[in-house]
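Right, one structure below, let's go through it.
Just so it is clear, the structure is predicted and the values come from calculations on it, not from any experiment. Residue numbering restarts at 1 for every chain, and letters A, B, ... go by the order of the sequence lines.
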Amino acid sequence: MRDRYALALGDDALVLAQRLGEWVARAPELEEDVALANIALDLLGQARTLLTYAGELEGAGRDEDVLAYWRDDRDFRNVLLVELPNGDFAVTMARQLLFAAYQYELYDRLRASTDDTLAAVAGKAVKEVHYHRDHATQWVLRLGDGTDESHRRMAEGLRAVWPYADELFDGDDVTAALSAEGVAVDPATLREPWTAYVGGVLAEAGLEPPADATPRRGGRRGLHTEQLGYLLAEMQHLHRSHPGVTW
Amino acid sequence: MRDRYALALGDDALVLAQRLGEWVARAPELEEDVALANIALDLLGQARTLLTYAGELEGAGRDEDVLAYWRDDRDFRNVLLVELPNGDFAVTMARQLLFAAYQYELYDRLRASTDDTLAAVAGKAVKEVHYHRDHATQWVLRLGDGTDESHRRMAEGLRAVWPYADELFDGDDVTAALSAEGVAVDPATLREPWTAYVGGVLAEAGLEPPADATPRRGGRRGLHTEQLGYLLAEMQHLHRSHPGVTW
Amino acid sequence: DEREAAFYAIVDSDGRIEPRDDMPEAYRRTLVRQIAQHAHSEIIGMQPEGNWISRAPSLRRKAILLAKVQDEAGHGLYLYAAAETLGVSRDQLLDLLHTRKQKYSSIFNYPTLTWADVGAIGWLVDGAAITNQVPLTRCSYGPYARAMVRICKEESFHQRQGFEALLTLTRGTPAQKAMAQDALDRWWYPSLAMFGPPDSGEQVSGGHTEQSMRWGIKRFSNDELRQRFVDMTVPQSEVLGLSIPDPDLRWNEERGHYDFTAPDYDELFRVIKGDGPCNAQRLEHRVTAHADGAWVREAAAAYASKKREQAA
Amino acid sequence: DEREAAFYAIVDSDGRIEPRDDMPEAYRRTLVRQIAQHAHSEIIGMQPEGNWISRAPSLRRKAILLAKVQDEAGHGLYLYAAAETLGVSRDQLLDLLHTRKQKYSSIFNYPTLTWADVGAIGWLVDGAAITNQVPLTRCSYGPYARAMVRICKEESFHQRQGFEALLTLTRGTPAQKAMAQDALDRWWYPSLAMFGPPDSGEQVSGGHTEQSMRWGIKRFSNDELRQRFVDMTVPQSEVLGLSIPDPDLRWNEERGHYDFTAPDYDELFRVIKGDGPCNAQRLEHRVTAHADGAWVREAAAAYASKKREQAA
Amino acid sequence: MSGVREIVAAVPDPELPVVTIEQLGILRDVRVGDGGQVTVDITPTYSGCPAMDAIRADIVAALAGQGIDTVDVRTVLAPAWTTDWITPDGRTALEEHGIAPPGPAPAGGAVTALTLTVRCPHCGSPDTRELSRFGSTACKALWVCRACQEPFDHVKAL
């Protein structure tokens with residue numbers, strides 16, 4: 001059961017790393033090429049540890065690469081938020097704010113997990129994610145309170161990703177059982193601090209949380225958007241073309 | 001040697017069919033969704049026959065799907081022109097004009113091939129390609145002689161694809177030997193009628209053939225653009241994920 | 001009045017109303033809405049299947065899929081032309097689609113997640129569409145009835161190909177069979193919902209069905225058509241070796257029909273209202289394609305008018 | 001004059017010129033051009049490798065590649081800052097790049113066609129870059145020399161990783177080994193061309209090398225550096241088990257160096273002139289990214305100025 | 001074994017089931033071998049025609065229904081299909097089902113961009129216009145009648 005928890009957290013990080021990697025050599029300024037690559041690299045590192053651990057717990061001999069490259073999209077467990085296309089920089093920063101604010105609260109609590117590996121991952125990652133959250137915060141402020149165009153784009157970006165925030169706080173049997181044991185963090189407990197943080201940033205940026213968004217969910221159950229299949233086709237093609245070799 | 005000739009012609013058709021398929025449900029009007037799907041389907045049909053024939057000639061048991069799905073980009077023999085990204089509708093129509101005008105002259109002559117299969121493919125395809133050429137012609141005229149914006153875009157589209165036209169007329173050892181036997185058509189002989197046709201269309205459309213373009217080539221030797229790898233990753237991912245099964 | 005009497009005389013005798021005939025305004029409006037919704041469904045319906053053209057797992061399947069999506073665009077064209085016989089232009093209708101004032105079939109607001117979904121759409125969605133549309137070949141409005149004759153024939157071919165694609169999967173590897181079962185699991189209830197709300201519900205909500213029946217536009221109730229679809233589909237699922245995800249599905253000897261669990265109509269209404277997984281995506285895709293093509297259509301119009309002037 | 005004498009006194013004694021020191025305008029301009037070209041090469045150089053980030057065949061390789069490309073962006077930042085010590089802004093330099101008035105290394109105008117190309121770039125292109133740059137750690141201009149110390153260290157790490165990636169391929173399946181050999185076949189001569197035209201050619205064309213040497217910017221001739229690179233690389237290719245695509249390559253006992261075939265300098269000039277396989281693509285990609293980001297940079301500037309006003 | 005050709009000839013076209021494969025001219029030959037094995041030649045209307053597999057299956061099924069199990073259905077490309085091979089009763093069947101049949105195919109193997117007036121299969125008026133060069137399938141164009149406003153398919157001369 002822990003393996004499923006680790007897998008879901010690992011998939012979140014892996015898919016978002018893949019998306020952020022698409023920005024490299026395309027960012028609005030050189031500093032952002034560096035920053036986005038760095039955030040992607042942090043997430044990829046988290047993903048590798050979590051997927052490796054998930055494979056060990058599962059005990060079926062699947063390592064990080066088998067899990068990343070040989071599962072189809074119906075078997076990925078990431079939230080939909082992280083697989084959304086990058087859109088413009090405002091969409092990406094809106095997605096970053098929502099996700100990093102969630103991941104920060106999550107890892108902050110997961111440091112106290114009774115599972116030593118998860119606690120260790122969280123302890124290391126929380127510092128990285130603190131920086132990610134700060135990076136997104138700075139940009140949401142700049143764009144929300146920058147020019148008219150940037151404000152409009154930032155508001156649109158927020159509208160595009162907002163329906164996908166709710167899923168971050170969805171629990172299931174696994175998280176319920178594991179959080180009762182002190183292994184996992186009950187996602188529902190993250191909503192309040194998340195709302196406080198994100199709400200504060202939006203208020204300062206002069207942005208409204210979109211009101212009439214219908215929540216979108218499904219990723220945690222393997223029901224993804226049509227976008228994930230394309231992401232995986234690109235990511236996995238070379239690896240699958242040479243089964244079993246060492247790279 | 002014939003197998004290599006059939007393969008090159010088949011790859012041209014396959015890759016362009018894949019590109020045109022990307023337009024479906026994205027075309028500027030419904031008639032064009034139909035037309036572009038139809039042209040893609042014609043090309044796909046030509047590709048299937050040619051790849052099947054290439055596999056038979058080779059005699060190594062490779063059928064159309066093995067050839068389409070299990071070769072990497074270094075082994076594809078299509079001209080670079082057909083793998084260029086779709087761009088806007090003007091880029092696509094410029095590419096269509098250049099390619100269909102070439103393919104028409106080619107198939108028109110290939111009907112007289114001493115190779116019965118190639119002659120039959122050409123006899124069937126020449127009628128289809130005549131439509132393709134006419135379709136592209138009509139659009140180049142409309143866009144070239146439509147609005148200021150369409151003229152500008154059409155001129156830009158032409159500039160984008162023009163450097164890739166030269167490769168259409170490149171011969172090599174294979175085409176030289178085969179055209180001496182009456183099997184193949186020497187590509188160099190197509191340049192003059194092609195130039196006459198395309199030049200006529202451009203003149204009527206009020207467009208200039210771009211002057212200072214450096215020719216780009218390499219596809220016939222497997223030296224492709226960086227774009228082809230992405231096209232193949234998307235096209236081949238599912239097939240390669242289930243080796244040896246029937247679909 | 002007299003003109004209305006003439007209209008009902010034709011309709012009641014199972015005759016055909018033609019474009020130049022007099023017809024009640026409400027009849028015309030109902031038909032416009034229905035034909036437009038049908039046309040919109042064809043063109044939005046290109047998206048979920050078009051999603052797999054680039055990734056089709058064999059060249060043969062790619063060709064079949066391309067041809068099918070081309071057919072759908074062709075049906076769209078044909079139906080917009082049929083609607084135009086009622087005095088509305090395609091541009092007007094597209095505008096109503098793009099501004100969410102007219103609907104398309106909610107089934108297309110579900111995503112195609114695997115290749116098997118393409119087969120499932122052919123088998124189930126086209127199957128349900130045909131069940132809905134075959135009675136429309138006897139519709140009182142001539143151009144629509146004749147369009148339906150043609151479209152039903154082509155859709156039967158699509159349905160056969162979808163079934164055959166799924167059959168190939170269920171006779172394939174365990175992974176392929178699982179893919180097919182997963183697709184059936186996800187598409188079954190949305191397909192049942194394609195027949196609309198249950199009869200009682202609709203009759204309560206205003207008698208649309210009754211009016212359409214009176215006009216010879218509708219011939220069977222939603223539940224009758226849904227039952228017909230289930231009765232036709234269950235034996236096909238057995239040939240495929242797939243399990244319909246309904247534990248209560250069983251043959252009712254007495255009724256001579258299958259008993260089955262009704263779809264979740266609340267979900268249907270939510271999806272119609274706009275809350276399906278892909279409503280926003282489908283419409284945005286459509287609107288973007290239309291907007292991106294504006295300069296092309298403008299150029300074509302400008303060119304045509306230049307040519308007309310030159311000819312004059 | 002006196003100031004020039006002071007300048008040459010520093011240069012001749014192998015000292016360092018610092019930003020506030022007097023320097024001849026021609027020296028400053030040469031340095032600006034060279035540092036800018038180097039910075040441009042770092043950021044354009046992100047593209048061919050960035051091309052494989054999404055498709056890297058293992059998560060470990062993906063991480064290594066991401067880190068490497070991040071380093072390149074960092075080097076770009078560092079070098080633009082070094083150029084700014086000479087009184088030109090990054091914006092000015094980027095504008096010169098975007099309008100083709102300044103160049104970047106022509107090596108990046110070749111495409112990365114397979115995964116092995118990423119390894120080949122690390123091994124050969126970074127290897128050649130280091131060979132070029134190590135002497136620059138002793139460059140007379142302080143900020144540039146210090147930047148080179150740091151950059152060379154990181155690039156040595158990259159070169160080692162590229163070599164290791166290729167070694168994994170050559171020890172892998174025949175398909176992997178063929179991929180590595182193919183990459184070497186395509187990247188060998190372009191890498192040799194990275195050292196520029198042959199000495200005789202350049203001296204004839206105006207004595208740039210001599211002037212740069214006099215200024216302590218250049219320490220070795222193009223051919224000397226090229227020979228150094230070949231001598232270093234050939235034994236590495238033997239460890240890899242790959243064949244350098246040069247039938248005339250052999251050890252010359254007398255010279256104590258490898259004899260080798262020179263690259264096709266005509267091709268080099270064509271590629272520099274703009275006719276490489278990817279010149280247009282690389283620059284267009286760069287210009288598009290910059291243009292697409294304009295609104296972001298404007299917003300950041302507007303926000304910063306609001307905050308300054310609020311603070312004032 | 002007389003009657004074999006009739007069985008095959010009666011197979012309807014899967015995409016245009018109002019006509020048979022013989023009426024459409026895509027059935028090229030039926031031969032019965034000494035051992036009773038049947039060889040059927042069919043030709044596609046266009047290169048990419050995805051209905052060929054379905055046609056093959058339908059021919060095999062039709063013959064199997066008559067107890068004939070050794071059947072080889074071959075696809076031949078040459079000579080290329082032309083709409084001139086649509087039989088007179090095929091044309092009539094198309095017209096009766098609202099599809100305007102093609103005129104004579106242009107000479108020289110190519111197609112001409114010029115299309116002569118197509119009569120509306122519904123009201124017979126020649127006052128019609130082409131709406132789309134391509135219809136729902138490759139061999140058809142979509143036309144509209146100006147007289148009765150009916151949209152209709154027209155099989156293009158090829």
Could you check whether any side-chain heavy atom of [X] comes within less than 4.5 Å of a side-chain heavy atom of [Y], counting everything from C-beta outward?
X        : Y        : value
A:Leu238 : D:Trp52  : yes
D:Arg286 : A:Arg26  : no
D:Arg55  : A:Glu234 : yes
D:Trp295 : A:Thr147 : no
A:Trp247 : D:Leu169 : yes

Could you look at [X] and say if it's the side chain, the backbone, both or neither that has a heavy atom under 4.5 Å from chain A?
X        : value
D:Ala300 : both
D:Ser54  : both
D:Val296 : both
D:Leu77  : both
D:Leu59  : both

Above 12 or not: heavy atoms from other molecules or residues under 6.0 Å from [atom1] of [X]?
X        : atom1 : result
D:Lys307 : NZ    : yes
D:Phe157 : CZ    : no
D:Arg150 : CZ    : yes
D:Glu164 : CD    : yes

Which region of [X], side chain (C-beta onward) or backbone (N, CA, C, O), has a non-hydrogen atom less than 4.5 Å from a non-hydrogen atom of chain D, or is it both or neither?
X        : value
A:Ala68  : side chain
A:Glu31  : both
A:Phe89  : both
A:Leu44  : side chain
A:His237 : neither
A:Leu36  : neither
A:Leu141 : both
A:Ala27  : backbone

Distance check, rounded to the nearest 0.5 Å: [X] atom [atom1] versus [Y] atom [atom2]?
X       : Y       : atom1 : atom2 : answer
A:Leu20 : D:Ile53 : CG    : CD1   : 11.0 Å
D:Glu72 : A:Asp33 : CD    : CG    : 11.0 Å
A:Asp65 : D:Arg61 : CG    : CZ    : 11.0 Å

If you count heavy-atom pairs under 4.5 Å with chain D, which of [options] comes out on top?
options                     : result
A:Glu149, A:Arg19, A:Gln18  : A:Gln18
A:Leu231, A:Asn38, A:Leu14  : A:Asn38
A:Arg240, A:Glu22, A:His239 : A:His239
A:Val34, A:Asp148, A:Asp88  : A:Val34

Interface residue of largest heavy-atom contact number with chain A, from D:Gly172, D:Ala301, D:Ala63, under 4.5 Å
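Most heavy-atom pairs within the cutoff with chain A belong to D:Ala63.
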Among D:Met46, D:Lys306, D:Glu298, residue most engaged with chain A (heavy-atom pairs, under 4.5 Å)
D:Lys306
Could you tell me whether the side chain of D:Gln70 and the main chain of A:Val24 form a donor-acceptor pair under 3.5 Å?
no
Between the side chains of A:Glu29 and D:Arg90, is the shortest nitrogen-to-carboxylate-oxygen separation below 4.0 Å, so that they form an ion pair?
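Result for this pair is no, no salt bridge flagged.
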